[in-house]
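The structure under discussion appears below in the form of structure tokens.
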Protein chains: 4
Amino acid sequence: MTDTVELPRSKRAEATKARILEAAINEFANHGLAGARVDEIAARAGANKRMLYVHFGSKEELWLQVLEHVYAHKREEERALDVGNLHPQEAMARLVRFNLRYTARHPEFVTLLNQENMHQARYLGTSERVQALYSPLLDLVREVLARGAAAGVFRRDAEPLQTYVTLVALGHFYVANLHTLSAVFQARLSSEAALGAREAHCVEVLLGYLRP
Amino acid sequence: MTDTVELPRSKRAEATKARILEAAINEFANHGLAGARVDEIAARAGANKRMLYVHFGSKEELWLQVLEHVYAHKREEERALDVGNLHPQEAMARLVRFNLRYTARHPEFVTLLNQENMHQARYLGTSERVQALYSPLLDLVREVLARGAAAGVFRRDAEPLQTYVTLVALGHFYVANLHTLSAVFQARLSSEAALGAREAHCVEVLLGYLRP
Amino acid sequence: MTDTVELPRSKRAEATKARILEAAINEFANHGLAGARVDEIAARAGANKRMLYVHFGSKEELWLQVLEHVYAHKREEERALDVGNLHPQEAMARLVRFNLRYTARHPEFVTLLNQENMHQARYLGTSERVQALYSPLLDLVREVLARGAAAGVFRRDAEPLQTYVTLVALGHFYVANLHTLSAVFQARLSSEAALGAREAHCVEVLLGYLRP
Amino acid sequence: MTDTVELPRSKRAEATKARILEAAINEFANHGLAGARVDEIAARAGANKRMLYVHFGSKEELWLQVLEHVYAHKREEERALDVGNLHPQEAMARLVRFNLRYTARHPEFVTLLNQENMHQARYLGTSERVQALYSPLLDLVREVLARGAAAGVFRRDAEPLQTYVTLVALGHFYVANLHTLSAVFQARLSSEAALGAREAHCVEVLLGYLRP
DNA sequence: AATGAATGAGGATTCATTCAT
DNA sequence: GATGAATGAATCCTCATTCAT
């Protein structure tokens, strides 16, 4: 009996496809759509270049699937958040921390998004799964804001969408600009200490703003 | 001994170089370093491709000069800001608005920065003019924070660097993600109305946070 | 010791092979040897690509079998012609008409032949069934010419081979160049009317020439 | 003084383009559109592959230009024909011989035409120079037919277009099928003797048909 | 006999860069 | 300083063919 059980045929193909996607996320995140190399992706995936085309059709379609994948992944983690029985302020702090930490753990999300924005969302615009991109986090923000306002601990004029964008921005920007900020301020902002400090600050900002 | 006087290059050569830089900013902003085409830059500049190499040496060196140029441009406008005789809250609001509006007016700044971050600031890291990148805005933030704290209208625990980063993030993120946000929320966030609303919100967030 | 009796292959296998051949005729006729796609042939045949290799060995061998097949098919129809009891002139007219109509009904014959000529008959040259390619039509022409000459209704100096080639040429060329002729003369030469007119003309030419 | 005078710049580019076209005619004639290799064309032309794209844009556009070129070349030679002061029969014989000889001297014309027909004249169909393809030979045929009829040496019912097609077919088919005919009849039809015999026969056929 | 996955060589096309004038 | 032509290395993609069930 051995562990290296031969995968059933379709499973094996599925695995190849998954490895290619994984490698593509990496390559695209590091080099962008134009800078990424199809050969490199295949090589890193330990797959034949042809398979990339069998499974994804073209570099651009692969790009789209990568985008959809990282979006879906973040949405999934957001969906798993449960702040329903936390005090509004603690709940909001949790959301802020989650976002910052997720972004720091997944810098590829930031890079890919930025690239797609450079392309004016041309690819996402054609996605049929675009609706799946809608953020559960926005709903959570909305709900927590309402609870906080009702409880009198939050100001009543905070708009959910703006607040959501701000919340996301606080984490996203820091990660997105880690390198240039570090260069300009000659600091290692990616250290856990720096990240922790940033996290505390972001919570302060949002809760400070929301004070009634 | 001779002073290394700047040679009075022919006006025409200077103009050609300027046109190439201009075209490069555009091309790089729209397509990134890898996606940009040297032919296109030369064509748009109405210059011979060879001139690009005469003036800039290589595509990568041109990229670096573009980065330095857009950074310098923003710093220049920041330096022109004068909030010294404004009330701290009005001064801070002014800084927030300035940053958002500048970013909105210069989306290329955002795109280029994001690209450079993807490259882990490899090019800026080698820049000898990096010190010129240091932000006057940060000094302004520091000074206004101090004035506000002294006057008792701002909290005393706001760190200048964190506050500066937050201030910049609020504008930058919005512009950087205009397209994907628009796609996801099916809205035209680039309208003046939307931008105005965002501006008001950002001011609210920062001033709300800074309340003692 | 066993006789190498032809194994009664499964009916199913036989059918698969036939479908592949059919699909190959089409694909080769439309795209030529180099332009034809093995994947497409298999797909059109509703067969697995592997089967193509099992039954035919390679794309080139398949090409040869296709050639032999279409040649054999024409020869078969020629063999079925019976003009023995027709008056020489009517017999010759019949041969002309047959050839033109057959060619029009089987444009793939023309295309495949042309391709093979481009290849300088490299594949047919290696065929072991080449003798099967000898044309019964030539024998018919020879015989009718002889009868006509004997009867005094045909000139006596018409050489059978040249006459055969001319007869074939009259139909073949028209079909072979249908598209470019149509383009150049801006006419729809593939209509039944046009084909009928051409048929009448060809008969006129050959019988006119054969007048004593 | 040396003969290898350096060509003025644009002349040199022109020469490169011409060499590429020349090489392309050869490669396309021998291998067809799909079978031709761009690398091979460039190599044979002694040119860099890139130049092919600079001058022609793509393989398909090069194919079109090749077609237009060979057509134009034949039309030019046809235009140079002068049979106005020959006796109708001699004039017609001259046209037949010219066509057969031209075709034999330019087998690439036949191959290319056949290929384009296989593609259903897709490329010529998009040509803007299609009108240039109209055949002066057709006009000559028309004129000679009229003169012959008027002089009472030709039948009066010969249609010019049909007669033209027949005339062209007689030569074209022979050249087009030289290889398969040789294979089937085990003869060397490309010898001068065979060609001469074919020429005599073709003249006989046409003049025989045209007898009143 | 049949299948789906995989392969590696090769194909058209594009790129940043340099040469010759 | 400026130009048009040229270059060779890559880049994306495709193909006929084979492997492992």
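Every chain is numbered from 1 and lettered A, B, ... according to where its sequence line falls, protein lines coming before strand lines.
OP1 and OP2 of F/dC12 both lie 4.0 Å or more from every side-chain N or O belonging to A/Ser58. Applying the 4.0 Å criterion to OP1 and OP2 of F/dT14, one finds that C/Arg37 has every side-chain N and O outside that range. The phosphate of F/dA2 (OP1 or OP2) has a side-chain N or O of B/Thr16 nearer than 4.0 angstrom.
Separating the NE2 atom of B/His55 from the C1' atom of E/dT17 is a distance of 16 Å, rounded to the nearest angstrom. In this structure, the CH2 atom of C/Trp63 is 20 Å from the C1' atom of F/dT17, given to the nearest Å. Taking atom CD of residue A/Glu40 and atom P of nucleotide F/dA10, one finds them 13 Å apart after rounding to whole Å. Rounded to an integer number of Å, the gap from A/Glu27 CD to F/dT11 P is 10 Å. In this structure, the CG atom of B/Asn48 is 12 Å from the C1' atom of E/dT21, given to the nearest Å. Distance, A/Arg50 CZ to F/dC13 P: 11 Å, rounded to whole Å. Atom CZ of A/Arg12 is separated from atom C1' of E/dT3 by 14 Å (rounded to the nearest Å). As a whole-Å value, the separation of D/Tyr53 OH from F/dA5 C1' is 18 Å.
For the residue pair D/Glu116/D/Trp63, the side-chain donor-acceptor check at 3.5 Å is satisfied.
F/dA20 is paired with E/dT3 under the Watson-Crick or G-U wobble criterion, all donor-acceptor distances under 3.5 Å. Across every strand in view, F/dC12 sits in a pair with E/dG11 that passes the Watson-Crick or G-U test at under 3.5 angstrom.
Side chain D/Asp39 to base E/dG10: no donor-acceptor pair is found below 3.5 Å.
Between D/Lys49 and B/Gly57, the residue whose closest nucleotide on DNA chain E is further toward the 5' end is D/Lys49. In this structure, C/Val38 and A/Glu60 both approach DNA chain F, and ranking their closest nucleotides by distance from the 5' end singles out A/Glu60. Nearest-nucleotide mapping onto DNA chain E: of C/Met51 and D/Ala36, the residue sitting toward the 5' end is C/Met51.
Between D/His73 and D/His69, the ring-plane angle classifies as parallel under the 30° and 60° cut-offs.
At most 12 non-hydrogen atoms from other residues, nucleotides or ligands lie less than 6.0 angstrom from CD of B/Glu22. Residue C/Glu108 places its CD atom among more than 12 non-hydrogen atoms of other residues, nucleotides or ligands, all under 6.0 Å distant. Applying the 6.0 Å contact sphere to CZ of C/Arg19 captures more than 12 heavy atoms from other residues, nucleotides or ligands.
Here C/Val54 lies in heavy-atom contact (under 4.0 Å) with sugar-phosphate atoms only.
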